[in-house]
Amino acid sequence: MNLVMIGTGYVGLTTGVGFATLGHQVACVDIDAGKVARLDRGEVPFYEPGLQEALKHVQEKGRILFTSDLKSVIGGAEVVMIAVGTPPKSSGEADLTALFAVADQIGSVLDHEAVIATKSTVPVGTNRIVLARVREAMRAAGREELTSLINIVSIPEFLREGSAFEDFLQPDRLVIGSDDRVAAQITERLHRDIIAPRVMTSLESAELIKYAANAFLATKISFINEIANLADRVGADVRHVAEGLGHDHRIGPHFLKAGVGYGGSCFPKDVSALEQISGAHGYAFKLLSAVIEVNNRQREMFFKRLVEELGGVRGRRVAVWGLAFKAQTDDIRESAGIEIAQRLHATGAELCVYDPQAMNNARAVLSPHVEFAPTAMDAAEGADALVVLTEWPEFREVSFSTLHDRMLEPRIFDGRNHLADLHLENQGFIYRGVGLGSYASA
Ligand code: UDX
């Protein structure tokens, strides 16, 4: 089938390359001409395992192209998919400026029957507005008679950064929301080779499923973080508690890792947006407000304990391992590593940081006075404390005896419990995790 994908961020690009991999003909459109040029040369502008190779493959097969000119590729498109960003405003509300601009643009150039499919995460009710705007722009362009042939579907994405391409090909489910049976069938045909349960539903339900899924996962994380805080006080180990919970099929083992809380481009934004949507409909979603509060408090508590145990950080040398919001990505949006590094710097610590992938992104936001080390070991040289904030596998593979010798004080604060099973206390470290019972006796 012929597909136009608008927006080449990590969702749009991964999905575009994914559909091309399935054999469809895909034209990817982005207003950023520099990005289009890079993609055209086969360069993925962010780190996402497997995507670079997949892009190369579909480019060689001639199944994908990149352009800034929507008009030049829209002819013949059966599906026009929108995957532009909906970043949060300061109120928590999703900013739909880019989305609506794209809707107007589609309407101004669309001259044949097509399905508009929205991948972007949008507040409930937005898809109806998008369709109305596309049709309005078509009318303005003198194509009133075609408007009834244009329909919209909501197909939310559930891609995790770091395994997005795999998630595209093997999703847990496909959600297709539409009022129009034919539009839903065409969308279903586009996904024909993807084996997964289908949830065929209305626009509103599809829109809400996306927010509900992320909010539920965030709730699991905040829940286990509350248990972790209690575990610290009663001398229990949250990892064992999570294991004991996870074997119960009704609960499941996933998203029960305690730590400094969730970050990234989706959870913080979507949970706040859902809280905001509820409020706008006159409903106080109390659980969500608590999920957000617990997540904020988690970082706060971690930072306070670090400062307290060090007896203040002014003039102390602190190493930070991990700036990406999670492993296998270079994304630093809402990252605990960045926030804690900024706070340490602002409180007067001498800071040296390291991340395997996120150094360039971090340089753009951290103070020029922060040192960037070429390796994890170099970052820890002469440090009074080492703070671990992303669960990169390589952090487990360093020589801990060398690390012990190179640090001024062998003190590790692990915000992910990433090194907890290495029993570093037995190698002479003072080791603090989250919810390991460490603070019951401390
Ligand atoms: C998430 C959703 O999983 C995905 O379906 C959606 O489409 C986009 O948002 P992503 O942001 O890539 O994906 O990361 P995810 O793996 O879900 O982790 C989100 C955050 O939660 C990270 O900061 C991670 O470190 C944290 N997390 C995750 C925990 O603190 N504990 C856990 O047990 C799991």
Side-chain angles (χ1 to χ4, degrees), residues 9-12 14-15 18 46-49 51 83 85-88 119-122 155-168 170-175 196 206-207 209-229 238-239 241-243 245-246 251-274 291-292 294-299 302 322-340 355 357-358 388-392 414-418 433-435:
Y10 103 95
V11 171
T14 307
T15 310
F46 48 85
Y47 177 73
E48 185 60 49
L51 194 55
T86 51
K119 272 267 163 225
S120 306
T121 301
V122 294
I155 39 163
E157 54 84 18
F158 302 97
L159 309 175
R160 291 163 299 174
E161 291 187 33
S163 56
F165 190 61
E166 217 176 286
D167 286 350
F168 171 83
Q170 293 165 330
D172 287 343
R173 78 307 213 175
L174 285 172
V175 174
E207 289 166 336
I209 285 168
K210 171 62 198 251
Y211 282 112
N214 277 352
F216 187 76
L217 293 171
T219 304
K220 273 187 107 172
I221 298 171
S222 278
F223 178 83
I224 202 66
N225 281 333
E226 291 263 59
I227 295 291
N229 298 336
V238 72
R239 292 170 306 157
V241 178
E243 193 185 343
L245 288 172
I251 300 174
H254 306 292
F255 282 72
L256 288 179
K257 279 207 192 104
V260 279
Y262 58 80
S265 65
C266 287
F267 283 1
K269 157 174 100 76
D270 293 350
V271 177
S272 296
L274 187 55
V291 167
I292 297 169
V294 168
N295 199 56
N296 294 337
R297 192 179 61 179
Q298 208 62 14
R299 287 187 190 182
F302 182 82
L323 300 166
F325 83 92
K326 67 173 191 179
Q328 308 306 336
T329 179
D330 60 358
D331 196 337
I332 57 164
R333 283 176 285 179
E334 302 278 341
S335 148
I338 293 290
E339 188 190 317
I340 288 171
D355 187 283
Q357 290 294 339
V388 181
L389 292 166
T390 313
E391 65 285 27
W392 284 104
D414 186 350
R416 299 283 176 190
N417 293 340
H418 185 47
V434 178

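Both ligands and their constituent atoms are indexed starting at 1 by order of listing. Just so you know, these numbers come straight off a predicted model, no measurement behind them.
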* Using a 4.5 Å cut-off on heavy atoms from C-beta on, say whether the side chain of Leu245 contacts that of Ile224. => yes
* To do: Check for a donor-acceptor pair, side chain of Lys119 on one end and backbone N or O of Gly12 on the other, with a separation under 3.5 Å.
  => no
* Report the relative orientation of the aromatic rings in Tyr10 and Phe46; use parallel for angles under 30°, tilted for 30 to 60°, perpendicular for over 60°. => perpendicular
* To do: Check the pair Ile227 / Leu256 against side chain to side chain contact (heavy atoms under 4.5 Å, CB included), numbers first and verdict last.
  => CA-CA 10 Å; Ile227 295 291; Leu256 288 179; over 6 Å; no
* Structure fact -> Looking only at protein heavy atoms, what sits closest to atom 25 (O) of ligand 1 is Arg416 NH1, 3.0 Å
* Asked: Just wondering, are more than 12 heavy atoms of other shown residues or ligands nearer than 6.0 Å to NZ in Lys257?
  -> no
* **Residue, atom name and distance, where the atom is the protein heavy atom closest to atom 4 (C) of ligand 1** => Leu159 O, 3.4 Å
* Run the numbers for me: atoms of ligand 1, each under 4.0 Å from some heavy atom of Cys266, listed by number. => 8 (C), 9 (O)
* Asked: Of all the non-hydrogen atoms in the protein, which one sits nearest to atom 1 (C) of ligand 1, and at what distance?
  -> Phe267 CE1, 3.5 Å
* Min N/O separation Phe325 to ligand 1 under 3.5 Å -> yes
* Any idea which protein heavy atom is nearest atom 23 (O) of ligand 1, and the distance to it? -> Gly263 N, 2.9 Å
* To do: Sort out for me which residue in Glu161, Glu48, Gln357 forms a side-chain hydrogen bond (donor to acceptor under 3.5 Å, both in side chains) with Thr329.
  => Glu161
* Mark up the atoms of ligand 1 that fall under 4.0 Å of a heavy atom belonging to Lys326, in ascending order. => 10 (P), 12 (O), 14 (O), 15 (P), 16 (O), 25 (O)
* Asked: In the protein, which heavy atom is nearest to atom 34 (C) of ligand 1, and how far is it?
  -> Phe255 CD2, 3.4 Å
* **Numbered atoms and elements of ligand 1 in range of Phe158, under 4.0 angstrom, heavy atoms** => 4 (C), 5 (O), 7 (O)
* Would you give the length of the straight line joining atom OG1 of Thr86 to atom NZ of Lys269, rounded to the nearest 0.5 angstrom? => 3.5 Å
* Structure fact -> With Arg160 as partner, the option from Asp331, Asp172, Asp167 fulfilling salt bridge (Lys or Arg N to Asp or Glu O under 4.0 Å) is Asp167
* atom 29 (C) of ligand 1: which protein heavy atom is closest, and how many Å away? -> Ile221 CD1, 3.6 Å
* Got the closest protein heavy atom to atom 3 (O) of ligand 1, with its distance? -> Arg160 CG, 3.4 Å
* Determine whether any heavy atom of Gly259 lies closer than 4.0 Å to an atom of ligand 1. => no
* For the side chain of Thr390 and the backbone of Trp392, is there at least one donor-acceptor N/O pair under 3.5 Å apart? -> no
* Structure fact -> If we number the atoms of ligand 1 from 1 as shown, the ones under 4.0 Å from a heavy atom of Lys210 are 7 (O)
* Asked: Taking only heavy atoms of Glu157, which atoms of ligand 1 are found under 4.0 Å from at least one of them?
  -> 7 (O)
* To do: Verify the neighbour count for atom CZ of Phe267: are there more than 12 heavy atoms of other residues, nucleotides or ligands below 6.0 Å?
  => yes
* **Selected option - heavy-atom contact closest to atom 31 (N) of ligand 1, from Lys257, Glu161, Glu391** => Lys257
* To do: Identify, by atom number and element, the atoms of ligand 1 in contact range of Leu256, meaning under 4.0 Å from any of its heavy atoms.
  => 33 (O)
